[in-house]
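The structure appears right after this line, and notes come after that.
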Protein chains: 2
Amino acid sequence: MSTDARESLLRAAQQLYAANGVAATTPRQVIERSGVGHGSLYHHFPSKRDLALAAVGRSVDEALASSSDALNAHTESRARIAAYLERPREATSGCRIGRLTADPFVAADEDLSASVARYFLDLIGLVADVFEEQGLDGGVARDRATAAVAVIQGGYVLSRATGDEEMMRAAVRGFLGLVDAPQRPEGDS
Amino acid sequence: MSTDARESLLRAAQQLYAANGVAATTPRQVIERSGVGHGSLYHHFPSKRDLALAAVGRSVDEALASSSDALNAHTESRARIAAYLERPREATSGCRIGRLTADPFVAADEDLSASVARYFLDLIGLVADVFEEQGLDGGVARDRATAAVAVIQGGYVLSRATGDEEMMRAAVRGFLGLVDAPQRPEGDS
DNA sequence: GTCTATAGGACGATAGAC
DNA sequence: GTCTATCGTCCTATAGAC
């Protein structure tokens, strides 16, 4: 079937991009992992860029959907934030989207860069909505959501750098400990 | 002079690694930027790995020294933390050390990976010392320091992804806003 | 120590048969 | 749609003259 080869190629590319990034992933690797032939790759995706656009776009959609699921798994806002922050992650592998910010192939392509930017802007929006539920002012909620997403992205960097899953957990504990501390009421000096 | 060529090569490599990473930086680029000849590069650094070890090691030392400077620019612990978090950064360029966690060339080399790991472990140690000054328990201080370093690394990712320096500032505001909230005394329920 | 010339291989991509 | 064969380029590294 024609969609099978295309599907295999996309899946293989997504896995290889997650492990090594786009720039360092070669057509040969995609071919070997997917099991299709050289000719098929260039039939379905005329250039490396076409494959990257499709595979990265799909990874972004999947990552947004699964973050959204974690945020909506509870009703109380504190539990929703904690569910997002404490979601199981293979932290020492790094974030498959976040790592693309350091990828030369992505940086050189406007459309690929736009996919990555959209991921983070949408994600921060989802988290900010939950902080607003807590009655926080919109600007404060957005700053706090940006910090929360940054803690996760930084946790990936630290866990990958040290090869230690515990770094992600420590960063999340450090952040959640602050969120759980009694908050100053609005307008207090 | 012999040290001049070596010095030029190292500086060029550091700049190129900061912009594009190690894997994507070719000998040709290093030669052109440094102004030395092809033969000189391979005289001073027999392989790409040798150049990378020297250049990355130096970038790590420089980054640790400048973080240490920021943390020691004040006496009061809150001001020291804020000085580290709010230090001027070219956030949209990404962290020159943090980006190496996504670099295939670094990942494939134990010694390069160890340099990057050392950077983050030492940096977290420096920040944790300041939180301990505030009277925090050692474990809590370390978690909070890990979160602080993660916020900066994540801020780099977010700023680079969106091309917006404001993302780093928002993440820092979000985190500092929590640190500045009145803290629950030790042992309180 | 620095130069030019070049090796051997992998890269992204294309051609044309089936 | 998939195959094999091949192109031109750039890569990292070496050779050997100066």
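Keep in mind it's a predicted model, so treat the numbers as computed, not measured. In what follows, chains carry the letters A, B, and so on, assigned in the order in which the sequence lines appear, proteins first and then strands, with residues in each chain numbered from 1.
Closest to the side chain of A:Ala5, from the set C:dG12, D:dT2, D:dT12, is D:dT2.
Tested against B:Ser34 for a side chain to side chain contact (heavy atoms under 4.5 Å, CB included), the candidates B:Leu10, B:Leu9, B:Asp4 yield a single pass: B:Leu9.
Between C:dC3 and B:Ser40, a contact under 4.0 Å exists linking OP1 or OP2 to a side-chain N or O. Residue A:Arg28 places no side-chain N or O under 4.0 Å from the OP1 or OP2 atom of C:dA10. A sub-4.0 Å separation between OP1 or OP2 of D:dT2 and a side-chain N or O of A:His44 is present.
Geometrically, A:Arg58 does not engage A:Tyr119 in a cation-pi contact defined by less than 6.0 Å to the ring centre and at most 45° from the axis.
Here the C1' atom of nucleotide D:dT14 and the CZ atom of B:Phe45 are 18 Å apart, to the nearest Å. The interatomic distance linking B:Asn20 (CG) with D:dC11 (P) rounds to 12 Å, in whole Å. If you measure from atom NE2 of A:His43 to atom P of D:dT4, you get 17 Å, rounded to the nearest angstrom. In this structure, A:Lys48 places its NZ atom 17 Å from C1' of C:dT14, rounding to the nearest Å. Atom NE2 of A:His38 is separated from atom P of C:dT14 by 10 Å (rounded to the nearest Å). As rounded to whole Å, 16 Å separates atom P of D:dT4 from atom OH of A:Tyr42. For B:Ile31 and C:dC3, the CD1 to C1' distance is 12 Å, given to the nearest whole Å. Distance A:Leu41 CG to D:dC3 P: 11 Å, rounded to the nearest Å.
Between B:Thr146 and A:Arg173, every side-chain heavy-atom pair lies at or beyond the 4.5 Å cut-off.
Heavy-atom distances to DNA chain C give each of B:Gly35 and A:Ser47 a nearest nucleotide, and the one nearer the 5′ end belongs to B:Gly35.
Salt bridge B:Asp137/B:Arg144: absent, no basic N to carboxylate O contact under 4.0 Å.
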